[in-house]
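Chain letters run A, B, ... following the sequence lines, proteins first and then strands; every chain starts at 1. Nothing here was measured: the structure is a model prediction, and the numbers come from that model.
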Amino acid sequence: MSASTAHRPPTGATEADAPEARSRRGAALAQRLVVVRELGILAALVLLIGITLIANPRFLSGQNVRDLMLSAAVLVVLAAGQTMVIITRNVDLSVGSVLGLSAYAVGTLLVDHPGTPVVVAVLAGMVVGAVCGLVNGAIVAVAKVPSLVVTLGTLYAIRGLTSLWASSSDRLQINASDLPSSFKSFGGARVLGIPVLFLIAVAVVLVVGYHLRSYRSGRELYGIGSAPEAARLSGIPVGRRVLTAFVLNGALAGLAGVLYAARFQTLDTTAGTGLELNVVAAAVVGGVAIAGGTGSAWGAALGALLLTTIGTALPQLGINPFWRDAAVGALILAAIALDRTLTLRLAARLRGRNLRGS
Amino acid sequence: MADGMPDGDPGPVVLALRDVSKSFGAIAALRGAQLELRGGEAHALVGENGAGKSTLVKILAGVHGPDEGTVLLDGQPVTLDSPAAARAQGIAVIYQEPTLFPDLSVAENIFMGRQPLTSGRRIDRPELAARCTALFERLGVHMDPDRPARGLSIADQQMVEIAKALSFDARVLVMDEPTAALSGVEVERLFTVARALRSHGAAVLFISHRFDEVFDLCDRITVMRDGQWVSTDATGDLTVEQVVRRMVGRDVADLFPKQDVVAGDVVLEVRGLTRRGVFTDVSFDVRAGEIVALAGLVGAGRSEVVRAVFGVDIYDAGSVTLHGRPLKPGNPAAAMAAGLALVPEDRRQQGLVMELSVERNATLTRRWKLARMGWLSARTERATAAEWSKKLQVKAGRLSDPVSTLSGGNQQKVVLAKWLSTDPTLLIVDEPTRGIDVGTKAEVHRLLSQLAADGMAVVMVSSELPEVLGMADRVLVMHEGRLVDDIPRARADEDTVMLAATGQAR
């Protein structure tokens, strides 16, 4: 990490060396902080799996791992999308409802037109989600209403819309037997033994994470969340970027709806209810600061993986699964405490340096 | 184009403001302002705080649109409706207060939205770091491009802002008090860069309160007062005295009517007050009848110290004693009960409830004393408010009007009324006259002086040097979180205070 900062030309006079060395340490510190956040989650994940393996050596059997991947896929996709929104100091609580609407819409499409190719079904789900995201984003970005309130509203509105649609079309539930076989085989498909649904989730995380890290529009999302006023002054199109983040997050929630339909193959209007809090929890546990400006899609994905693993590991450890919620809660608090401690320590060190340096 | 303007260097006019007006609510920040920048000149804009300089800068930066008047670029009217639009026209702005992204690296802060790209439109990080290093070398700054902006000192933040503005290759560079936080060497480097830009044909607009810098760098000087254009002249035709007289428009002595008072007993004793990373080992006394000013640059920790004294913020070490009795830390209610009052810096955010009526706001601090068995009668509330409004000459339509309808100066009077009605023995005022008009300012000053004459101890945090010098019996100067000097009235002048505030004294 520090190699990139070490190739500075050694032209500085001796009096200049001290501050430079200090600030280089500061950068190394900051780098380490980022690494620590994600490594911490990874360590917790490995620890959890290790302990569970001791209790039940067959925990990592092929089928178990595949089930774990399948269960995690939906949450991972949602967490990657949510990261984009949270980084801009917003939040999208409607993703569970969007997932439900998208799953129901895709299910209906496949029942009415069994010949629909899977790719078209996936795209249809994403379009449904993107439209929902557009509504959220437009209200947040244009009308300047806090996203918490807006998406709390659309959480209920979209769920209501799904129920209304289901009751008026008299199709309250879609069963596996109604779905075309091509779609069902998509849900069970594997490549090199790995479920395709999980591979899709991984691809999403890689693309989102890479975009956030390496493209201007991605970095601008961090800028907006880090200091909205500074973002405005440096000419970032704040409204448009926030709107785009909501639309993309919506599209990913739509994709998650399709994955959900493919995985469970039985759908009703309650699909994804309550999922939004799991998603936010995954992101926060994964090091995405709720105040915006920091965090990564890979961190959020690891958080999602950790939460899913807890859910399946606790029964293996002979612990009542009702403890899962308590464990998740403890993890969130731990993540926030860690985050706060590290931030304070970093700020104190960097600032302490300045005071001494002057 | 140049009618009414004297001839300086014969460069073409790059940017001009014609009869620009801008109001915020009831307050007119600019009234028919004029400005003319030529290519290859450094142009100074001077005026008192509140003269409208920063509003003018924000119009050039595309942050505010003018209510009236036009902005001309190369003689053509342009609409600068966003910071991006101003940038696209080649106008770069260094703001008075740095606006950085604390979570992002220094290099990203500088090149946000303009990062160098690889062929695949990805950000080219090695190139980004290289360009940033090159900029820093040009400025002679030693800073790691990869470190986050969080935790940078104000001076370093300002250097990042300067590097950002330089990275544009701008045709017009606007610098709004860029040197306030910088040391002598850094200022000299900045000027070297500004002169280089000027010789390449760029126009530099320089705003500063330091006349030596203005006269050193600039070719022409525009003076503003009360939102209006006063004069534009070649620097060679002006003296500092002339400029000051035009800025103030009256004798300075009249503005700050501090009465001489014999200081009484010690009211406030602060010993070794420390808040880690914010301020360190701050000790001072304040006596009855004394006005003590806390001076220093933005970010020196002045507001933070008074907030800790009052108990809004906690502190890590030290003690606060009021009338010989120790004051409980972190407890504003206890501070108020002991006779302390704090008029905060930001009256809109911290001093007033903008939606509530004048009378409600004026009696907020006393609602328990005024209440009978828990009931607050509107009549007692109104009577108290009326009494104080009269004393302070608050100009309000009706006392039941929301405070937000009042002008800034009258809002400030309501805040003062609110706190004075608690009958404090020590009054802390943080930036008491920021953003209020000159007339009301004088009234506030007269009031503070009167209160001190009546035996109240007053601590005044102020960034306005004339106000500090005119009002204070003693000037305490802070620099980077430390109290560096205690200057009695007789010895206090611009030089002694500024030297201490920039950390160059002793």
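Interface residue B:E108: only side-chain heavy atoms are found under 4.5 Å from chain A. Interface residue B:Y95: only side-chain heavy atoms are found under 4.5 Å from chain A. Looking at B:R122, the atoms closer than 4.5 Å to chain A (heavy atoms on both sides) sit in the backbone and in the side chain alike.
The most heavy-atom pairs under 4.5 Å with chain A, out of B:V63, B:V93, B:L100, B:T118, come from B:L100. The residue among B:T99, B:N109, B:D124, B:I123 with the most heavy atom pairs within less than 4.5 Å of chain A is B:I123. Options B:M112, B:R121, B:R114 differ in how many heavy-atom pairs under 4.5 Å they form with chain A, and the most are formed by B:M112.
Not one N or O on the side chain of A:T151 forms a donor-acceptor pair closer than 3.5 Å with the backbone of A:D92. Not a single donor-acceptor pair under 3.5 Å links the side chain of B:E161 to the backbone N or O of B:I94. Remark: side-chain polar atoms of A:T88 are paired, donor with acceptor, to backbone N or O of A:V85 under 3.5 angstrom.
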Could you go through the salt bridge (charged side-chain N to carboxylate O under 4.0 Å, His left out) check for B:E304 and B:R307 one step at a time? CA-CA 5 Å; B:E304 288 78 2; B:R307 283 168 62 87; over 6 Å; no

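Taking a 6.0 Å sphere around CZ of A:R213, one finds it holds 12 or fewer heavy atoms contributed by other residues, nucleotides or ligands.
Every residue meeting the side-chain contact (heavy atoms from CB on, under 4.5 Å) condition with B:V78, not counting sequence neighbours, appears here in chain and number order: B:V71, B:L73, B:L80, B:Q89.
Side chains of B:V282 and B:L476 form no contact here, defined as non-hydrogen atoms less than 4.5 Å apart.
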Donor-acceptor pairs under 3.5 angstrom involving side-chain atoms of residues 284-299 of chain A: please list them, not counting sequence neighbours.
| unit_1 | atom_1 | unit_2 | atom_2 | d |
| --- | --- | --- | --- | --- |
| A:S296 | OG | A:E38 | OE2 | 2.6 |
| A:S296 | OG | A:G299 | N | 3.1 |

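When all heavy atoms of B:F111 and B:S167 are compared, the closest pair comes out as CE2-CB, 4.0 Å. Nearest heavy-atom pair across A:A304 and A:A79 is CB-CB, 4.2 Å. Nearest heavy atoms, B:V484 versus B:A500: CG2-O, 3.5 Å.
Below 4.5 Å, heavy atoms of chain B meet heavy atoms from A:R219, A:E220, A:Y222, A:G223, A:S226, A:A227, A:A230, A:A231, A:R232, A:L233, A:S234, A:G235, A:I236, all part of residues 217-237 of chain A. Contacts of residues 136-144 of chain A with chain B at a heavy-atom distance below 4.5 Å are absent; not one residue qualifies.
Screening A:I200, A:V202, A:V279, A:V205 for a side chain to side chain contact (heavy atoms under 4.5 Å, CB included) involving A:V76 leaves a single residue, A:V205.
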